[in-house]
Amino acid sequence: MNEALENLIRPHYLTHSGYVSAGMESDKSEEKIFLNANENPYALQGLEGFNRYPEPQPAVLRQAYAQAYSVKENAVVMTRGADEAIAILTKIFCEPHQDKILICPPTFGMYGVNAKAAPAKITEVPLKKERGTFALDKENIIKTAQNQSKPVKLVYICSPNNPTGTSFSHTDIIEICQKLEGYATVILDETYAEFSQQGSLSGKLESLPNLIILRTLSKSYALAGMRMGCLLNADEDFTALVRTKALDAYPLPRASIKAALHVLSPDIHALAMQNIHKILDERTRMEKALAQSSEVTHIYPSDANFLLVEMPRADEFHAFTAKNNVILRNFSDKLGTENCLRISIGTPEENNRVLELLSRF
């Protein structure tokens with residue numbers, strides 16, 4: 001394993017053996033009789049196959065992920081959404097009550113939630129507001145994470161960022177990784193990368209040993225209900241450690257595996273990309289329409305499937321839409337997103353309903 005990761009991992013993860021489940025049997029051929037996992041041999045009608053544990057990290061799905069994200073197969077660790085990957089990384093790297101993660105608020109709240117549950121400490125380097133949008137405070141991120149008297153193990157960067165919609169410069173992210181090699185691991189959350197003009201940094205994994213990328217099928221592949229995601233890293237020893245020592249024994253449900261293979265197949269992948277273009281067209285239309293309202297003071301540039309909208313009466317509009325069965329996300333009480341609502345881009349009919357309520361507000 002490369003030193004950029006090995007020296008930051010909690011030492012006992014390098015030595016303990018992990019649990020080898022009965023489901024680790026890779027040859028699931030029908031010729032074999034499996035009496036090793038205490039499974040019920042009688043499948044219920046309509047649920048054939050679900051009485052058997054699935055392979056924990058099926059090779060055929062790992063290959064599909066690798067092809068979708070243009071990485072080597074062994075760079076992929078499959079997880080139940082990106083959220084599980086976040087929890088696993090906190091567990092592997094952060095000594096409770098001792099180590100820190102670094103986050104750049106306003107950003108995805110799960111990074112902090114998992115840190116508090118560990119518990120790990122949290123240090124913040126807020127995003128900067130520049131020319132009506134948000135930017136990374138690159139110099140302060142590097143300086144803070146290099147302070148070895150207060151060790152930061154994980155630096156989280158979400159790009160495109162939730163809830164702001166901002167994509168951050170790949171050049172800046174690469175520099176952060178390079179400057180922090182040996183100090184911290186950089187976790188780049190690319191949940192919304194398929195919606196972004198900038199795309200993914202997965203092609204740089206080989207040259208950035210301390211970079212881990214998070215991906216999910218929840219947004220772009222419309223698979224939120226199946227909870228399927230992964231983490232990507234170029235070091236095969238590290239990804240093997242995560243698969244064998246950090247994941248639950250049976251992390252992926254059989255139905256989720258089947259659904260993921262389905263959406264990553266060529267025909268469905270093409271359909272998913274078509275739907276992404278529809279969402280982006282609707283995002284453009286909504287941005288123009290919202291800007292016409294006297295109730296809207298600013299719309300932050302978005303590279304994702306949502307818009308962060310500033311409204312002086314954000315709380316009141318949030319309550320008004322909820323009363324009319326349209327649920328928006330209220331960020332008006334959060335630092336950096338004061339008086340802001342996040343509006344996910346829906347179908348044209350759903351978006352028209354938001355605009356109609358705004359006209360009546």
Side-chain angles (χ1 to χ4, degrees), residues 13 18-24 26 28 37 39 47 49-69 71 73-94 101 107-118 120 154 156 158 162 185 187-194 200 202 212-233 238-265 268-269 272 305:
Y13 272 103
Y19 177 71
V20 179
S21 69
M24 289 299 290
S26 59
K28 296 286 186 176
E39 299 156 324
L47 296 173
F50 286 92
N51 58 316
R52 301 293 183 182
Y53 289 114
E55 185 183 350
Q57 294 277 295
V60 64
L61 181 54
R62 196 157 71 237
Q63 292 164 5
Y65 272 117
Q67 184 173 359
Y69 300 139
V71 298
E73 181 183 339
N74 285 334
V76 178
V77 179
M78 294 170 285
T79 58
R80 289 170 289 201
D83 291 350
E84 184 182 33
I86 294 166
I88 286 169
L89 292 169
T90 305
K91 181 170 68 172
I92 291 174
F93 284 98
C94 294
I101 70 164
T107 193
F108 185 41
M110 192 60 73
Y111 312 139
V113 168
N114 272 295
K116 290 176 182 177
L154 303 175
Y156 279 98
C158 186
N162 177 14
T185 301
I187 313 300
L188 177 59
D189 187 342
E190 291 187 339
T191 289
Y192 302 94
E194 287 89 349
S200 173
S202 59
I212 296 172
I213 293 177
L214 307 183
R215 299 298 293 262
T216 181
L217 302 181
S218 294
K219 315 298 183 182
S220 54
Y221 288 90
L223 213 59
M226 285 295 182
R227 308 304 302 126
M228 290 295 288
C230 65
L231 65 82
L232 310 174
N233 179 260
F238 174 74
T239 55
L241 179 148
V242 177
R243 281 193 292 268
T244 59
K245 299 182 180 182
L247 290 175
D248 288 346
Y250 301 101
L252 305 178
R254 188 178 293 276
S256 296
I257 293 169
K258 289 184 176 181
L261 284 169
H262 180 65
V263 301
L264 291 173
S265 65
I268 304 302
H269 172 81
N305 65 334

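One is the number of the first residue; the rest follow in order along the sequence.
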Are side-chain heavy atoms of [X] and [Y] found at a separation under 4.5 Å?
X	Y	answer
C94	I101	yes
D189	I187	no
L252	P58	yes
T191	N162	no

Check [X] against [Y] and note the closest heavy-atom contact, atom names and distance.
X	Y	answer
N74	R243	O-NH1, 3.9 Å
F50	A255	CE2-N, 3.6 Å
T90	A115	CG2-CA, 4.2 Å
C230	Y65	SG-CD2, 3.9 Å
L241	I92	CD2-CD1, 4.3 Å

| said: Please check: side-chain N/O of Q57 versus main-chain N/O of V77, any donor-acceptor pairing under 3.5 Å? | reply: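 No.
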
| Distance-only, no hydrogens or angles: does the S256 side chain make a donor-acceptor pair with backbone N or O of M226 under 3.5 Å? |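 Such a contact is found between S256 side chain and M226 backbone.
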
| request: Using the side-chain contact (heavy atoms from CB on, under 4.5 Å) rule, take R80 and D248 through it: C-alpha gap first, then chi angles, then the decisive distance, then the call. | output: CA-CA 10 Å; R80 289 170 289 201; D248 288 346; 2.6 Å; yes

| said: Just to verify, what does Y111 make a ring pair (Phe, Tyr, Trp, His ring centres under 6.0 Å) with, not counting sequence neighbours? | reply: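 Result, ring pair (Phe, Tyr, Trp, His ring centres under 6.0 Å) vs Y111: F108, Y156.
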
Can you tell me how far the [atom1] atom of [X] sits from the [atom2] atom of [Y], to the nearest 0.5 Å?
X	Y	atom1	atom2	value
K91	L247	NZ	CG	7.5 Å
T79	I88	OG1	CD1	6.0 Å
Y13	K245	OH	NZ	10.5 Å
F238	L231	CZ	CG	6.5 Å
L47	R254	CG	CZ	11.5 Å

| Got more than 12 heavy atoms from elsewhere within 6.0 Å of CD, E73? |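 Enclosed: over 12 neighbouring heavy atoms sit under 6.0 Å from CD of E73.
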
| Can you list the steps and then say if V76 with L232 is a side-chain contact (heavy atoms from CB on, under 4.5 Å)? | CA-CA 5 Å; V76 178; L232 310 174; 3.7 Å; yes

| request: Kindly indicate, with the supporting measurements, whether the criterion side-chain contact (heavy atoms from CB on, under 4.5 Å) is fulfilled by L61 and L264. | output: CA-CA 9 Å; L61 181 54; L264 291 173; 4.1 Å; yes

Name each donor-acceptor pair under 3.5 Å that joins a side chain in residues 213-220 to protein atoms two or more places apart or in another chain, with its distance.
unit_1	atom_1	unit_2	atom_2	d
R215	NE	E190	O	3.4
R215	NH1	E190	OE1	3.3
R215	NH1	S200	OG	3.4
R215	NH2	E194	OE2	2.9
T216	OG1	S218	N	3.1
T216	OG1	S218	OG	3.1
T216	OG1	M228	O	3.3
S218	OG	R227	NH1	3.2
S220	OG	E194	OE1	3.2
S220	OG	E194	OE2	3.3

